[in-house]
There are 2 protein chains.
Amino acid sequence: MPNLEARQIFQLPPLQAIRVFEAVARHLSFTKAAEELGMTQAAASYQIKLLEERVGAPLFLRQPKQIVLTEAGQRLAPAVSEAFALLSGAYAAARSGADGVLYVSTLLTFASNWLARHLGSFQVAHPSLAVRLDTSNRVVDFAREDIDIAIRSGGGTWPGVEVHKLFNADFTPVLSPKLAASIGGVKEPADLLRLPILDPGDIWWRDWFAAAGLPVEELAKRPGSSMGAQAYEANAAIAGQGVAIVTRALFNAELADGRLIQPFDLVGDDGHAYWLVYPQARRNVPKIRAFRDWILAEIARQ
Amino acid sequence: MPNLEARQIFQLPPLQAIRVFEAVARHLSFTKAAEELGMTQAAASYQIKLLEERVGAPLFLRQPKQIVLTEAGQRLAPAVSEAFALLSGAYAAARSGADGVLYVSTLLTFASNWLARHLGSFQVAHPSLAVRLDTSNRVVDFAREDIDIAIRSGGGTWPGVEVHKLFNADFTPVLSPKLAASIGGVKEPADLLRLPILDPGDIWWRDWFAAAGLPVEELAKRPGSSMGAQAYEANAAIAGQGVAIVTRALFNAELADGRLIQPFDLVGDDGHAYWLVYPQARRNVPKIRAFRDWILAEIARQ
DNA sequence: ATTCGGCATAAGGCCTCCTTATGGGCCGTG
DNA sequence: CACGGCCCATAAGGAGGCCTTATGCCGAAT
């Protein structure tokens with residue numbers, strides 16, 4: 001394609017030259033301006049000459065001791081300064097303004113059972129960073145949604161994103177102590193068959209049954225009511241309505257204070273895990289680093 | 001010198017990228033923006049990516065049918081548009097505004113005896129061009145003074161400037177018919193010795209006396225009162241106060257209407273001339289071309 | 001299902017823009 | 001008055017920013 005930018009070129013000045021002009025007009029010195037811009041005096045001279053040729057008139061009068069603006073230069077200088085002030089202001093705002101809000105896309109269960117409990121310490125550590133949660137189970141596309149960082153579960157293989165494993169998405173049955181007591185305690189896997197199974201259609205149940213040596217076909221007979229999220233089923237379990245199969249890491253608190261008990265050491269693991277992910281290109285963005293460092297440290301503490 | 005522009009770089013965005021961003025934000029399309037800027041879509045994509053990396057956040061969400069601004073983009077776009085509007089406005093003003101006034105540095109005599117009589121026709125031809133005369137006999141330095149074009153006399157060899165010869169700075173004695181009649185007419189050069197010589201110290205008188213075969217030492221005896229400009233001496237001559245030595249081209253009107261007469265065909269010429277000069281680099285500036293073309297045509301008409 | 005519109009990416013080359021080196025003009029000082 | 005210092009201009013040379021061409025991918029619409 002031929003270079004057809006002619007029209008543009010006459011509407012807008014060469015921007016690099018304008019930047020130099022702004023500095024020179026401010027200092028009324030090529031040398032000082034060049035210093036400020038981190039370039040040589042010759043480069044500043046070159047750019048000003050360029051701009052003067054484009055404008056069609058000299059912008060500075062070269063006088064012995066110092067330079068002064070010509071009439072054309074005086075016309076140009078104030079507006080240029082103002083324009084640059086605007087630009088740098090907006091640029092700074094876009095940089096740091098965006099740093100003030102962190103958009104996190106997170107899975108339902110993780111949000112309610114992990115984030116909700118720990119986010120407080122992040123806020124304390126980063127009081128100027130507001131976190132906004134986008135809670136849903138879809139896999140967000142960073143190119144299409146305004147999301148900085150996400151929690152996902154799965155195999156940990158997504159293209160173009162940086163991934164950090166948070167914990168394995170293992171699974172094991174849990175229930176309330178009261179429910180267990182109602183049948184005289186849950187001592188061996190087969191005891192579970194005497195209790196309601198929450199979301200028996202979940203593939204985890206089948207895997208765990210198989211691993212525990214229980215008849216998988218039992219599951220199919222059960223009334224299938226899936227609530228769609230571990231958090232809901234766990235709440236049902238806490239309420240004593242049945243046995244749920246959950247990832248322990250998400251229920252540390254309930255298991256610790258006895259609202260839920262894990263009757264068996266047998267833990268299923270299909271290789272999936274919970275991951276922290278964000279675009280590779282943004283790995284050094286301060287707010288993203290802050291959140292990553294915090295969450296990894298928090299996970300490690302458990 | 002190491003490239004130390006780091007500080008700058010973080011204060012101001014890459015300007016070329018900003019220019020592209022402005023267009024993309026306006027069109028909400030990489031392709032259309034690239035078209036407007038006279039470049040390829042790939043180039044626009046490249047610049048936006050660059051800017052996004054600098055800002056540290058995506059500026060656009062790439063959605064199937066069209067792109068939309070992210071929050072960071074929305075923060076940036078209005079200010080950028082405004083800044084560019086400012087810039088292009090000021091740039092245009094500096095370009096055309098400077099075109100509206102033509103600064104002419106001119107010699108005293110030329111101003112009063114030639115320009116003053118002809119400038120009217122230039123104004124008629126270029127009503128939007130205001131001419132400002134800077135009348136003095138020094139040689140202006142275009143780099144140091146806010147001057148577009150100048151009239152100089154001399155050898156015609158100045159560096160860095162474009163020169164056009166207007167007419168030779170020849171010289172010959174002139175006087176009022178009345179003064180000539182007062183001694184019964186001026187018929188041969190020696191007759192002049194019976195009349196007052198205006199500015200006898202002028203080197204032109206010596207040259208002309210020598211050429212006319214008159215005794216040069218006569219000049220030294222005369223009371224020397226130099227008024228410093230042909231125009232003044234010519235006025236004195238018109239008033240009948242003596243004989244002045246002047247360049248004919250500057251007194252065409254007086255010679256034509258009889259206020260002055262040129263008694264002898266003998267004309268001195270030291271090789272000097274009147275020149276139109278202006279910086280070579282500005283030879284294509286419209287207002288300079290306009291003035292040059294006009295003055296050369298006007299001179300040729302005589 | 002295929003095509004089309006739109007953006008992303010890779011590879012390669014040009015040309016802008018910067019650097020180094022040098023010179024000139026003017027001013028202050030010894 | 002000469003010399004050194006400061007500042008800008010200019011020339012030559014080189015690196016890299018930026019653009020182009022070519023191609024791929026994705027989603028939408030025919």
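Every chain is numbered from 1, with letters handed out A, B, ... down the list of sequences. Only heavy atoms go into these numbers, but all of them, side chains included; no hydrogens, no water, no symmetry mates.
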Checklist line | Length of the CG-C1' vector between A:L50 and D:dT10, whole Å | finding: 14 Å
Margin query: Expressed as a whole number of angstroms, how long is the span from B:R19:CZ to D:dC18:P?
Written below: 12 Å
Margin query: What is the separation between atom CG on B:L15 and atom P on C:dC17, rounded to the nearest whole Å?
Written below: 11 Å
Next item on the list: Could you tell me the separation between the CD1 atom of A:I48 and the P atom of C:dC18, rounded to a whole number of Å?
Entry: 11 Å
Item checked: Interatomic distance, B:M39 CE vs C:dC15 C1' [rounded to whole Å] -> 16 Å
Margin query: According to salt bridge (Lys or Arg N to Asp or Glu O under 4.0 Å), who are the partners of B:E22, at least two apart in sequence or on a separate chain?
Written below: B:R26
Next item on the list: Examine B:F21 together with B:F60 and report whether their ring centres are nearer than 6.0 Å.
Entry: yes
Note to self: From C-beta outward on A:P64, which listed nucleotide comes closest to its side chain: D:dC19, C:dC26, D:dT20?
What the structure shows: C:dC26
Checklist line | Partner of B:H164 under ring pair (Phe, Tyr, Trp, His ring centres under 6.0 Å), chosen from B:Y278, B:W275, B:F291, B:W294 | finding: B:Y278
Measure all distances between protein nitrogen or oxygen atoms and nitrogen or oxygen atoms of nucleotides 7-11 of chain C, and list the pairs falling under 3.5 Å.
{"unit_1": "C:dC7", "atom_1": "OP1", "unit_2": "B:F30", "atom_2": "N", "d": "3.0"}
{"unit_1": "C:dC7", "atom_1": "OP2", "unit_2": "B:T31", "atom_2": "N", "d": "3.0"}
{"unit_1": "C:dC7", "atom_1": "OP2", "unit_2": "B:T31", "atom_2": "OG1", "d": "2.4"}
{"unit_1": "C:dA8", "atom_1": "OP1", "unit_2": "B:R62", "atom_2": "NE", "d": "2.4"}
{"unit_1": "C:dA8", "atom_1": "OP1", "unit_2": "B:R62", "atom_2": "NH2", "d": "3.1"}
{"unit_1": "C:dA8", "atom_1": "OP2", "unit_2": "B:S45", "atom_2": "OG", "d": "2.9"}
{"unit_1": "C:dA8", "atom_1": "N7", "unit_2": "B:Q41", "atom_2": "NE2", "d": "3.1"}
{"unit_1": "C:dA8", "atom_1": "N6", "unit_2": "B:Q41", "atom_2": "OE1", "d": "3.4"}
{"unit_1": "C:dT9", "atom_1": "OP2", "unit_2": "B:K49", "atom_2": "NZ", "d": "3.2"}

Checklist line | Residue pair B:L37 / B:R19: nearest heavy atoms and the distance that separates them | finding: CD2-CG, 4.3 Å
Margin query: Is the shortest side-chain heavy-atom distance between A:L87 and B:V80 below 4.5 Å?
Written below: yes
Note to self: Rounding to an integer number of Å, can you tell me how far A:E53 CD sits from D:dA9 C1'?
What the structure shows: 13 Å
Next item on the list: Walk me through it: do B:I18 and B:F84 pass the test side chain to side chain contact (heavy atoms under 4.5 Å, CB included)?
Entry: CA-CA 10 Å; B:I18 284 283; B:F84 274 88; 3.3 Å; yes
Check: When the distance from CD of B:E35 to P of C:dG5 is rounded to whole Å, what number comes out?
Finding: 12 Å
Check: How long is the line joining CG of A:D141 and C1' of D:dC25, in whole Å?
Finding: 13 Å
